[in-house]
There are 2 protein chains.
Amino acid sequence: MAAMHVSHGLYEAFLAVARAGSFTAAAHTLGYTQSAVSRQVQSLEDEMGAELFERLPRGVRLTEAGRVLLPHAEAVRDRLAAARAELASLRTLDGGLLRLGAFSSATASLVPRAQAAFRARHPGVVVTRVEGPSVKHLGLVAAGEEDLAVVGPAPAAPPPPGVTLHHLLDEPMLVALAQGHPHAGRRAVRLAELADEEWIVGHERLEDTLFRPAVAAGFRPRTGLLAHDWIAKLGAVAAGLGVTLVPALAAASVRRDVALVTIHPDDVPYRRICAAAPSAPTVAATAFLGLLRETADELIPPTRS
Amino acid sequence: MAAMHVSHGLYEAFLAVARAGSFTAAAHTLGYTQSAVSRQVQSLEDEMGAELFERLPRGVRLTEAGRVLLPHAEAVRDRLAAARAELASLRTLDGGLLRLGAFSSATASLVPRAQAAFRARHPGVVVTRVEGPSVKHLGLVAAGEEDLAVVGPAPAAPPPPGVTLHHLLDEPMLVALAQGHPHAGRRAVRLAELADEEWIVGHERLEDTLFRPAVAAGFRPRTGLLAHDWIAKLGAVAAGLGVTLVPALAAASVRRDVALVTIHPDDVPYRRICAAAPSAPTVAATAFLGLLRETADELIPPTRS
DNA sequence: CCAGATTCATGCGACAAGCGAATGTCTAGC
DNA sequence: GCTAGACATTCGCTTGTCGCATGAATCTGG
């Protein structure tokens, strides 16, 4: 177990001396005295077990060992400088990595818009995005494997320790009908008008968004059909098998042969969308969170409290 | 002017903590106490201006900055280890560079043999060889730009400061005659028998090797022809234009239509061949010097004092 | 041939950095 | 609510490092 207490000053002194060709001159450029440089070089020589400089009456000259050590010392100095620069660029958002998570339908417009704005302002930051269910993202943020996540449909349980939820927006739901449906042309419907419809849901238990307002409207929706992704859901709607709820932000990506109808403000279901950030968020994560808020306010102005 | 007194211990502690995932465990593997590791990491964090670890109730976890720093710290550690290894291999002659110099005719057999032996024993050492006049090599060795040089024909001046000469051998000279010459078949000649010959010399002033024994033999050689290289010299001899002296070690590389005749021991000219080494020679230079001595003794046993 | 100047090495005193031991603080788990 | 585990902090003390001054060796100019 050798190599203890080896300070970088030793290598800096070595490099300065190698560059200047003299202890005294190197000491002057380093702001030290000549004796300090002399002893630093001696320490490094003891440490390395070899003479690094040949002492001449008029300065010093690198020995073979010194010539061998020189490129290594330069590489170490440069590498440390690179590390410092990279850390600094991390602070100023000129570099670094932002690991993002989002549930599937958040990637329709909210996350991509914020991501585009972020890319425009901080082109040096690499952004990775992973889709998946919200619960999974909450765990990843808690585990420190994601820096920020957009979660929605499961704020029921309290967030894991070390994760704080930031409310982004409450997304109104639209109802999707087949084009030939009687209500297809209307501007807005009451939820009660759809009490006899067959509702196509994703996960039976998670469709809290539907059930709560429906019960408030006085009926319990029939949920015979289960479809796990949007393709299947809207395909079933288009085929006239039933109706379903579509989040407003995903409206643009709905197929043409499906009609979207607004729900009356008094009983429109809302989906609460949050961002999950660790207790000590990254600079990039904080910046992205701000952009997420701006994007959310642009898409759906925060009229509700 | 930041970054003062940054010891490597900080990076070693950082790496150990990143590896162990805990200050306490890292302290145990490092042989330090937990408080020491805690402060070392804090020092590095202050130095870098960023938190490197996220403190959790059950250990620590790398932050973004820590993840960025980690590969740099590993690279620095590995580079320093490589430097140490290379310096060690320098000591044990398993690596390094030996910059050799030699005057032209020493490269006929003496230097190549020693070089072959050196290569066999220390294959890791790279050997570079430069040919040139002896005076030039003395200057290069003095200037530290060559590690060892084989010099011969100019030991008249004292060696430059910082250079010591090591006697290798005294090389007897042969006389080269055209094949049809009356003395061509003899085993040995007296120098006086060649008093009427035309002598072909290289540099008029430097042919001390010829003049001193000739004057001792009672004549002053006629030196009408000047030839600067061996090709021209021996070509002139073969053409019957005159005779010349050839060092014994170069005998094997003489063209066939030139006869070489030994000179009588009482008045044979000798050429003193030395090795020029710096005052503080490299390990490789010292080893090579030993092999030069061995090779010299094999080629011409040191019968003379 | 000798004195001045330059350069590196070294002894000395003072200051600060770093370590160990002990204590404080916070969180998880029973 | 209490104990155990992990990091942070405080307190002396050792140790390393710096600056100042001096010494030894060498080149240079008269």
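Just so it is clear: chains get the letters A, B, ... in the order the sequence lines come, proteins before strands, and each one is counted from 1.
Taking only side-chain nitrogens and oxygens, A:Gln42 comes nearer than 4.0 Å to OP1 or OP2 of C:dT10. For A:Ser22, a side-chain nitrogen or oxygen approaches OP1 or OP2 of C:dC8 to under 4.0 Å. Between A:Thr33 and D:dC20 there is no side-chain N or O to OP1 or OP2 distance below 4.0 Å. The shortest distance between the side-chain N/O atoms of A:Gln34 and the OP1/OP2 oxygens of D:dG19 is not below 4.0 Å. Applying the 4.0 Å criterion to OP1 and OP2 of D:dA8, one finds that B:Ser38 has a side-chain N or O inside that range.
For A:His28, the side-chain hydrogen bond (donor to acceptor under 3.5 Å, both in side chains) criterion is met by no residue, not counting sequence neighbours. Checked against side-chain hydrogen bond (donor to acceptor under 3.5 Å, both in side chains), B:His122 has no partners two or more places apart in sequence or in another chain. Residues that satisfy the side chain to side chain contact (heavy atoms under 4.5 Å, CB included) test with A:Leu44, not counting sequence neighbours, are A:Leu10, A:Tyr11, A:Phe14, A:Met48, A:Leu52, A:Leu69. Remark: B:Arg19 pairs with no residue by the side-chain hydrogen bond (donor to acceptor under 3.5 Å, both in side chains) rule, at least two apart or across chains. For the side chain to side chain contact (heavy atoms under 4.5 Å, CB included) test, residues two or more places apart in sequence or in another chain that qualify with A:Ser104 are A:Glu131. Applying the side-chain hydrogen bond (donor to acceptor under 3.5 Å, both in side chains) rule to A:Arg77 yields no partners; only residues at least two apart in sequence or on another chain are considered.
Taking atom CD of A:Glu45 as the reference point, atom P of C:dC8 lies 12 Å away to the nearest angstrom. For the pair B:Phe23 CZ and D:dG5 C1', the computed distance is 15 Å after rounding to whole Å. Summarising the geometry, the separation between OH on B:Tyr32 and C1' on D:dA6 is reported as 21 Å, rounded to the nearest angstrom. Separating the NE2 atom of A:His8 from the P atom of D:dG16 is a distance of 19 Å, rounded to the nearest angstrom. Spacing between atom CG of A:Leu56 and atom C1' of C:dT7 amounts to 10 Å, rounded to whole angstrom units. Put simply, NE2 on A:His28 is 15 Å from C1' on C:dT6, counting in whole angstrom units. Between the CG atom of A:Leu52 and the P atom of C:dC8 there is a distance of 15 Å, rounded to whole Å. What separates CD of A:Glu51 from C1' of C:dC8 is a distance of 12 Å, to the nearest Å.
Counting non-hydrogen atoms under 4.0 angstrom, A:Gly21 reaches nothing in the nucleic acid. When heavy atoms are screened at a 4.0 angstrom cut-off, A:Gly162 is found touching no nucleic acid atom at all.
Between C:dG20, C:dA9, D:dA8, one nucleotide has an atom nearer to the side chain of A:Arg55 than all others, and that is C:dA9.
Within the structure, side chain to side chain donor-acceptor pair (under 3.5 Å) contacts touching residues 140-152 of chain A (residues at least two apart or in different chains) are A:Arg99-A:Asp147, A:His137-A:Glu146. Under the salt bridge (charged side-chain N to carboxylate O under 4.0 Å, His left out) criterion, the residue pairs touching residues 285-296 of chain A are A:Arg121-A:Glu294, with sequence neighbours excluded. Sequence neighbours left out, the pairs with a member in residues 33-46 of chain B that pass salt bridge (charged side-chain N to carboxylate O under 4.0 Å, His left out) are B:Glu45-B:Arg55.
Remark: the A:Ser35 side chain and the D:dC18 base include no donor-acceptor N/O pair separated by less than 3.5 Å.
Residues from residues 57-65 of chain A that place a heavy atom under 4.0 Å from any atom of DNA chain C, listed by number: A:Pro57, A:Arg58, A:Gly59, A:Val60. Using a 4.0 Å cutoff on non-hydrogen atoms, no part of residues 140-147 of chain B comes near DNA chain D.
Each of A:Leu169, A:Asp170, A:Leu165 was checked for a side chain to side chain contact (heavy atoms under 4.5 Å, CB included) with A:Arg272, and the lone residue meeting it is A:Asp170.
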Pairs under 3.5 angstrom, nitrogen or oxygen only, protein versus nucleotides 13-15 of chain C, please.
none

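The closest donor-acceptor contact from the side chain of A:Arg91 to the backbone of B:Gly49 lies under 3.5 Å.
Nearest heavy-atom pair across B:Leu90 and A:Ala65 is CD2-CA, 3.6 Å.
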